[in-house]
Colleague: 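Quick one: the structure is below, questions incoming.
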Protein chains: 2
Amino acid sequence: MTEEILNKKEVRITPMRQLLLEFFLEKNKVLGLSELEKAFPKSDRVTIYRTLKTFEEKGIVHGISNGTTEMKYALCHDCQVANHSDFHPHFSCLKCEELSCLESIFIPSIDLPGGYSFEKVEMTIQGVCPKCQ
Amino acid sequence: MTEEILNKKEVRITPMRQLLLEFFLEKNKVLGLSELEKAFPKSDRVTIYRTLKTFEEKGIVHGISNGTTEMKYALCHDCQVANHSDFHPHFSCLKCEELSCLESIFIPSIDLPGGYSFEKVEMTIQGVCPKCQ
DNA sequence: TAATAATTGCAATTGTGTTGCACTTGTTTT
DNA sequence: AAAACAAGTGCAACACAATTGCAATTATTA
């Protein structure tokens with residue numbers, strides 16, 4: 001499974017990359033470097049960092065910046081090659097601080113004023129998630 | 001002008017606050033701490049930082065997290081007291097890297113799945129701005 | 001197998017956000 | 001107006017995330 005994805009995205013297969021991708025697939029959550037560090041205590045922080053960068057570049061994950069100081073990453077689902085962002089909004093819970101994908105919703109399209117060209121859009125909704133209600 | 005705003009928002013008038021607010025009004029741009037540091041080399045970084053925090057708290061500016069690692073701030077226009085975020089999307093230019101407010105557009109409302117409560121929403125469109133076309 | 005390129009681990013640096021505390025400045029009370 | 005108090009500022013220091021350099025290792029290709 002992970003090998004297929006890595007192959008398709010033209011990313012060389014290495015243990016670290018398989019581990020990380022597997023973890024993303026398994027958790028199906030939005031994750032930051034600090035969480036991944038804890039999940040893989042034996043792995044080097046910088047290697048995880050660079051693996052994330054590689055994944056981002058190759059369209060395996062995409063970065064999400066919620067209000068915090070740490071960059072988060074989620075698996076790409078409906079990402080376009082030319083347009084490397086998901087079409088769904090993200091939800092940031094004010095209680096548990098978890099960030100999640102609202103995959104059932106499409107980001108509505110926007111009529112940009114003249115002169116602006118569109119590449120991608122990011123939408124983050126803040127509130128309280130079902131678990132924390 | 002700046003004095004009126006500060007008074008209305010119940011923020012004490014100090015030179016730093018006037019300077020910073022004036023700068024925001026004049027530039028009418030989204031600004032980060034690093035830019036403000038450069039703009040006011042004689043002022044202390046922490047003072048600017050705390051002034052931003054005060055402005056944010058009092059509803060004079062609101063924070064915007066675009067893809068970068070640095071928090072940006074823009075003057076509030078249509079911010080609500082109970083819901084301290086603008087209702088317009090932001091535009092992040094991939095060439096000049098400037099962030100701006102698309103004040104003419106409203107963020108479309110979203111039907112959240114059951115169990116989620118809504119507090120606020122942020123929407124950032126990436127592309128190329130008119131100046132960089 | 002030799003040569004080459006990609007990946008990793010470690011050390012170190014930079015950048016951004018944040019706090020503590022002493023000092024100054026402004027505001028209020030007597 | 002002076003004393004008491006509260007708010008704002010400047011400096012030092014710290015916390016943490018992001019990033020780079022480089023040598024060592026591992027994989028790929030000629």
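Sequence lines set the chain letters: A, B, ... in the order given, protein chains first and strands last, and positions in each chain run from 1. All heavy atoms count here, side chains included; hydrogens, waters and symmetry mates do not.
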Colleague: Starting at atom NZ of B:Lys38, determine the distance to atom C1' of C:dG15, rounded to an integer number of angstrom.
Modeller: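 Value for this atom pair: 11 Å.
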
Colleague: Rounded to the nearest Å, what distance is computed from the CD atom of residue A:Glu57 to the C1' atom of nucleotide C:dA6?
Modeller: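 The answer, rounded to whole Å, is 13 Å.
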
Colleague: Tell me which of B:Glu70 and B:Arg12 sits closer to the 5' end of DNA chain C, going by the nucleotide each one is nearest to.
Modeller: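 Residue closer to the 5' terminus by nearest nucleotide: B:Glu70.
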
Colleague: Check if the side chain of B:Arg45 and the base of C:dG15 share a donor-acceptor pair of N or O atoms closer than 3.5 Å.
Modeller: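 Per atom types, no contact qualifies.
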
Colleague: For B:Arg50 and for A:Thr54, locate the closest nucleotide of DNA chain C by heavy-atom distance; then report the residue assigned to the nucleotide nearer the 5' terminus.
Modeller: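 Taking each residue's closest nucleotide, the earlier one in sequence belongs to A:Thr54.
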
Colleague: Which atom names give the shortest non-hydrogen contact between A:Leu36 and A:Leu31, and what distance separates them?
Modeller: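 Heavy atoms of A:Leu36 and A:Leu31 come nearest at CD2-CD1, 3.9 Å.
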
Colleague: Let me know the distance between CD of A:Glu37 and P of C:dC10, rounded to the nearest Å.
Modeller: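 Result: 13 Å.
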
Colleague: Roughly, in whole Å, what's the span from CD1 in B:Ile48 to P in C:dT18?
Modeller: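 These atoms are roughly 15 Å apart.
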
Colleague: Whole-Å distance between D:dT9 C1' and B:Asp44 CG?
Modeller: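 The distance from CG of B:Asp44 to C1' of D:dT9 comes to 7 Å, rounded to the nearest Å.
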
Colleague: Kindly say whether B:His90 contributes a backbone atom to a donor-acceptor pair with the side chain of B:Thr124 at under 3.5 angstrom?
Modeller: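 No.
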
Colleague: Rounded to whole angstroms, how far apart are CG on A:Leu20 and P on C:dT8?
Modeller: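 Distance check: A:Leu20 CG to C:dT8 P gives 10 Å.
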
Colleague: Hey, does the side chain of A:Gln133 reach the backbone of A:Val128 with a donor-acceptor pair shorter than 3.5 angstrom?
Modeller: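 Flag set: sc A:Gln133 to bb A:Val128 pair under 3.5 Å.
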
Colleague: Could you check, using the six-membered ring where one of them is a Trp, whether B:Phe55 and B:Tyr73 have ring centers closer than 6.0 angstrom?
Modeller: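 Between B:Phe55 and B:Tyr73, the centre distance exceeds or equals 6.0 Å.
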
Colleague: Determine the contact category for B:Arg17: base if any of its heavy atoms lies under 4.0 Å from a base atom, sugar-phosphate if only primed atoms, P, OP1 or OP2 are that close, otherwise nothing.
Modeller: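 The residue B:Arg17 makes sugar-phosphate contact but no base contact.
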
Colleague: In whole angstrom, give the distance that lies between atom OH of B:Tyr49 and atom C1' of C:dG20.
Modeller: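 After rounding, the gap between these two atoms is 13 Å.
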
Colleague: So which one's nearest nucleotide on DNA chain D is more toward 5', A:Lys72 or B:Lys42?
Modeller: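 Residue closer to the 5' terminus by nearest nucleotide: B:Lys42.
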
Colleague: How close or far is atom C1' of D:dA17 from atom CE of B:Met71, stated in whole angstroms?
Modeller: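 Taking atom C1' of D:dA17 as the reference, CE of B:Met71 is at 16 Å.
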
Colleague: Can you figure out which of C:dG17, D:dC11, C:dT8 approaches the side chain of B:Val46 most closely?
Modeller: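 Of the candidates, D:dC11 comes closest.
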
